[in-house]
Amino acid sequence: MRVRRTDDARPRAVEGTSRPAGSSAAQSRQRLLEKAQADRERERRRQERAKKRNAGPIGFQFSRKRIIAISGVFLLITTLFAARLAQVQIVQGSELAAKAKALRTTTEVLPASRGDITDRNGQALAKSVTRYKVYGDQKLLDAWKVKDKNGDVIGEGPAYAAELLAPVINVDEDELAQLLTKSPEREKFNQYVVIAKDVPSETWDAIKELRITGIFKETLSKRVYPSGDTAKNIIGIAGTEKGLSGLEYSLDDLLQGKDGKTTFERSLDGYILPSGEVTTQEAVSGTDITTSLDTDIQWHAEAALDDRIKKVGASAGTVIVQDIKTCEILALADRSTTQDGNTATTGRIGAVQDVFEPGSTAKIITMAAAIETGKATPLSKFTVPYRYTTSNGEVFQDSHMHPTQPMTLTGILSDSSNTGTVQVGELLPKQVRYDYLKKFGFGEKTGIELGGESRGILHPVEDWDGRTQYGVLFGQGVAANALQATNAFAVIANEGQMCQPHLVKGTTDTNGVYTESQKSDTKTVVSKNTADKVLKMMESVVVEGSGKTGAVKGYRVAGKTGTAQAAGADGKLSSFVASFIGVAPVEDPQLVVSVIIRDPQASIYGGEVSAPVFADVMSYSLQRLNIEPSTSKPDLFPSSWEK
């Protein structure tokens, strides 16, 4: 009989027996379903709570207004950052790039080379050479290291830099290391420590080979004077920016060049960036000056002057050698006595800056005026006493006592008679005396290329007193510089023609083009006939008169002695100036040489003090220039006449 099973009648596991596998799997599925249902319910309830509370993310709770405000701030910040980024990259991009470039860009001045000064034969008297100032950057040196090919450090820092540098620049290594190292007392590194000055190019090349990061140079132009003290008074000196004296000063505009510059990008360790932009504006060198000086003649003139100043105990002296035809100055020597008894240049150019009463050398002007105006001839007869009184009561006398003598105009000049010269001058109106002094260059600058030239002293006729009107006839009451007095003699030797003395023979520009100096026009002072007669009279001075010690063996010489009073240290006329000026050869005059000696102690007369120096310098100059000796004999005018 089949038994019927009800709905709740389920088969039960018999205790002690295993549950069927199908029943266990069903239960597991049931639990998973229930868990999923529970999770969905929890999520639903969480979302409902979040909606009610307006909960923020990750559990923070914000109101709706707060969320909107925070979002606005975030949006504003984002906008500002975006705007700033756009400004930097788009608006300010080029400007900032330029500033960055400027920070790494360095400009170095390329000093212009000052023009050279040479003598007439091309011998350098002044020239510029390149020198360097070497300096160090303590910051870069502190970080500097040297590694071998394996990457191992073999040296570093200021100490190692000093070890390498010291023997090259010849300084103490320890002192250099200390100089290159930042001092503990300093807060910052010194990035400009000068370690060497006046460094020549070959030394800088050796420094550069060391490749020390933090060692740099500044390029300088240094003025050097290869001839030493020779012509030092004329050439002068130049400072760092301009000429200070002599031709360096007066020709500064020509000698100065125009500095250039080079601009480049440099890395932090100081090296030029290969990929950086480099622009260079080349320096323009100054104009080279060729002077009319002959260095050998200049040296000889200075040596002869030095020797004479010492021998006669003088305080100073001047020697000038001038070409008569061209008025070129071949030598211009100035010397003064130093406290130790030696002689040296003083920085002044006494030949043009200092004046003196020319004394009897000015008598050639009186003679030329008398002949040119027809008041006398070389053979005019005068009775010449030792002492002479003029119509206005002024008394004059000669330098040496002598009986009253019959003299020609030639004899008056030859014997350098003051009383005879006054008698000649009485034939000339005062204005004529003044006019001829003016014509011969007194009271006017010569125009030579030197600064500080004095025009001398020549007072107007209306200012002459009763004695001055006669004193000017033999070089008193009038003052000239040595070059003016010399050029007056050049006029007589140059057939009565005056030209302007000059020192610049020519110039050479930066392209190497030489331009000869433009010569000034000559002007007629007296006729050739008058000049020739006075020159012949001057030859008598050397052959038989007061200037015999000025004779030069083998050459015919014409000249004139001079002695004049001068103010001494006490301010009174207690000093003297002794002079001799002459020309040679007489038959074809080429050179005029003047010798002015101030305050001689051994003697006061030009024939004794200055004429021997003239003979020495003139002889040397004639031979130096290969001027042929004279082939004719003197043909002199008579110096006296018979009653």
Asker: Can you name the closest pair of heavy atoms from Ser285 and Thr510 and give their distance?
Answerer: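 In this case the closest contact between Ser285 and Thr510 is O-CG2, 2.8 Å.
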Asker: Strictly below 4.0 Å, N to O, side chains only: are Asp323 and Arg120 in salt-bridge contact?
Answerer: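 No salt bridge links Asp323 with Arg120.
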Asker: Can you sort out the partners of Phe576 under side chain to side chain contact (heavy atoms under 4.5 Å, CB included), two or more places apart, ordered by chain and number?
Answerer: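 Side chain to side chain contact (heavy atoms under 4.5 Å, CB included) list for Phe576, sorted by chain: Thr563, Gln565, Ile604.
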Asker: How many angstroms lie between CG in Asp116 and OG1 in Thr508, if you round to the nearest 0.5 Å?
Answerer: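 One gets 9.5 Å once the value is rounded to the nearest 0.5 Å.
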Asker: Can you confirm whether the side chains of Glu453 and Thr446 place a donor and an acceptor under 3.5 Å from each other?
Answerer: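 Judged by distance alone, the side chains do pair up.
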Asker: Side chain to side chain contact (heavy atoms under 4.5 Å, CB included) with Ile349: which of Asn481, Asp334, Ile448?
Answerer: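 It is Asp334, the one option of Asn481, Asp334, Ile448 that forms the side chain to side chain contact (heavy atoms under 4.5 Å, CB included) with Ile349.
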Asker: If you measure from NZ on Lys208 to OG1 on Thr203, what distance do you get to the nearest 0.5 Å?
Answerer: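 Lys208 atom NZ to Thr203 atom OG1 measures 12.5 Å (nearest 0.5 Å).
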Asker: Does one side chain, of Ser619 or Lys553, offer a donor that lies under 3.5 Å from an acceptor on the other?
Answerer: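 Checked: Ser619/Lys553 side chains show no N/O donor-acceptor pair below 3.5 Å.
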Asker: Are Glu444 and Arg455 close enough for a salt bridge, meaning some N to O gap below 4.0 Å?
Answerer: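 Yes, this pair counts.
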Asker: Given Ser128, which of Arg223, Lys222, Arg114 fulfils the side chain to side chain donor-acceptor pair (under 3.5 Å) condition?
Answerer: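 Single side chain to side chain donor-acceptor pair (under 3.5 Å) partner of Ser128 among Arg223, Lys222, Arg114: Arg223.
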Asker: Do you see a donor-acceptor pair shorter than 3.5 Å between the side chains of Ser292 and Glu328?
Answerer: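 The answer is no; no qualifying pair exists.
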Asker: Before giving the answer on side chain to side chain contact (heavy atoms under 4.5 Å, CB included), spell out for Arg598 and Ser315 the whole-Å C-alpha distance, their side-chain angles and the decisive distance to 0.1 Å.
Answerer: CA-CA 6 Å; Arg598 296 175 181 272; Ser315 62; 3.9 Å; yes
Asker: For Glu202, I'd like to know if atom CD has over 12 heavy atoms of other residues, nucleotides or ligands within 6.0 Å.
Answerer: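 Count over threshold, so yes.
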Asker: Taking it one step at a time, do Gln322 and Cys327 satisfy side chain to side chain contact (heavy atoms under 4.5 Å, CB included)?
Answerer: CA-CA 6 Å; Gln322 180 176 331; Cys327 282; 3.6 Å; yes
Asker: For Asn121, I'd like to know if atom CG has over 12 heavy atoms of other residues, nucleotides or ligands within 6.0 Å.
Answerer: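 Atom CG in Asn121 is packed in, count exceeds 12.
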Asker: Would Lys242 and Glu248 pass as an ion pair if we require N to O under 4.0 Å?
Answerer: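 A salt bridge is absent here (no side-chain N lies under 4.0 Å from a carboxylate O).
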Asker: Give me each pair satisfying ring pair (Phe, Tyr, Trp, His ring centres under 6.0 Å) with a member in residues 293-327, each pair once, sequence neighbours excluded.
Answerer: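 Qualifying pairs, neighbours excluded: His300-Tyr620.
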Asker: Can a salt bridge be assigned to the pair Glu516 and Lys519 using a cut-off of 4.0 Å between side-chain N and carboxylate O?
Answerer: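 Yes.
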Asker: With side chain to side chain contact (heavy atoms under 4.5 Å, CB included) as the criterion, how do Ile234 and Gln298 come out once you've worked through the C-alpha distance, each side chain's angles and the decisive distance to 0.1 Å?
Answerer: CA-CA 10 Å; Ile234 304 174; Gln298 176 74 26; 3.9 Å; yes
Asker: Find the distance between CD1 (Ile320) and CD1 (Ile581) and round it off to the nearest 0.5 Å.
Answerer: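 Going from CD1 on Ile320 over to CD1 on Ile581, the span is 8.0 Å.
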Asker: Tell me if a side-chain donor or acceptor on Thr361 pairs with a main-chain N or O of Thr561 at a distance below 3.5 Å.
Answerer: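 Flag not set: sc Thr361 to bb Thr561 has no pair under 3.5 Å.
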Asker: Salt-bridged, Arg624 to Asp296, with N to O below 4.0 Å?
Answerer: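 Between Asp296 and Arg624 there is a salt bridge, with a charged N closer than 4.0 Å to a carboxylate O.
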Asker: Could you state the interatomic distance from CD (Gln497) to CD1 (Ile492), rounded to the nearest 0.5 Å?
Answerer: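 Gln497 CD to Ile492 CD1: 11.0 Å, rounded to 0.5 Å.
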Asker: In Å, rounded to the nearest 0.5 Å, how long is the span from CZ of Arg335 to CG of Asn233?
Answerer: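 Nearest 0.5 Å value for the CZ-CG distance: 7.5 Å.
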Asker: Salt-bridge test for Glu539 and Arg556: reply yes if a basic N is under 4.0 Å from a carboxylate O, no otherwise.
Answerer: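 Counted as a salt bridge, because a side-chain N and a carboxylate O are separated by less than 4.0 Å.
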Asker: Please confirm whether the backbone N or O of Met498 pairs with a side-chain atom of Thr522, one donor and one acceptor, at under 3.5 Å?
Answerer: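 Checking the backbone N and O of Met498 against the side chain of Thr522, no donor-acceptor pair under 3.5 Å is found.
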Asker: Between Asp532 and Lys528, does any NZ, NE, NH1 or NH2 come within less than 4.0 Å of an OD or OE carboxylate oxygen?
Answerer: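 Salt bridge: yes.
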Asker: Between Thr291 and Asp119, do the side chains contain an N or O donor and an N or O acceptor separated by less than 3.5 Å?
Answerer: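 No donor-acceptor contact under 3.5 Å links the two side chains.
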Asker: Of all the heavy-atom pairs spanning Lys560 and Leu413, show the shortest one and how long it is.
Answerer: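 Closest pair (atom of Lys560, atom of Leu413, distance): CE-O, 3.5 Å.
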Asker: When you check the gap from the basic side-chain N to the acidic O, do Asp307 and Lys311 get nearer than 4.0 Å?
Answerer: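 So Asp307 pairs with Lys311 through a salt bridge.
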Asker: Return yes when atom CG of Asp205 has more than 12 non-hydrogen atoms of other residues, nucleotides or ligands closer than 6.0 Å, and no otherwise.
Answerer: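 Atom CG in Asp205 is crowded, with more than 12 foreign heavy atoms closer than 6.0 Å.
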Asker: Heavy-atom count check: over 12 atoms from other residues, nucleotides or ligands less than 6.0 Å from Lys127 NZ?
Answerer: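 No, the 6.0 Å shell around NZ holds no more than 12 heavy atoms from other groups.
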Asker: Step by step, would you call Leu293 with Leu330 a side chain to side chain contact (heavy atoms under 4.5 Å, CB included)?
Answerer: CA-CA 4 Å; Leu293 295 173; Leu330 304 180; over 6 Å; no
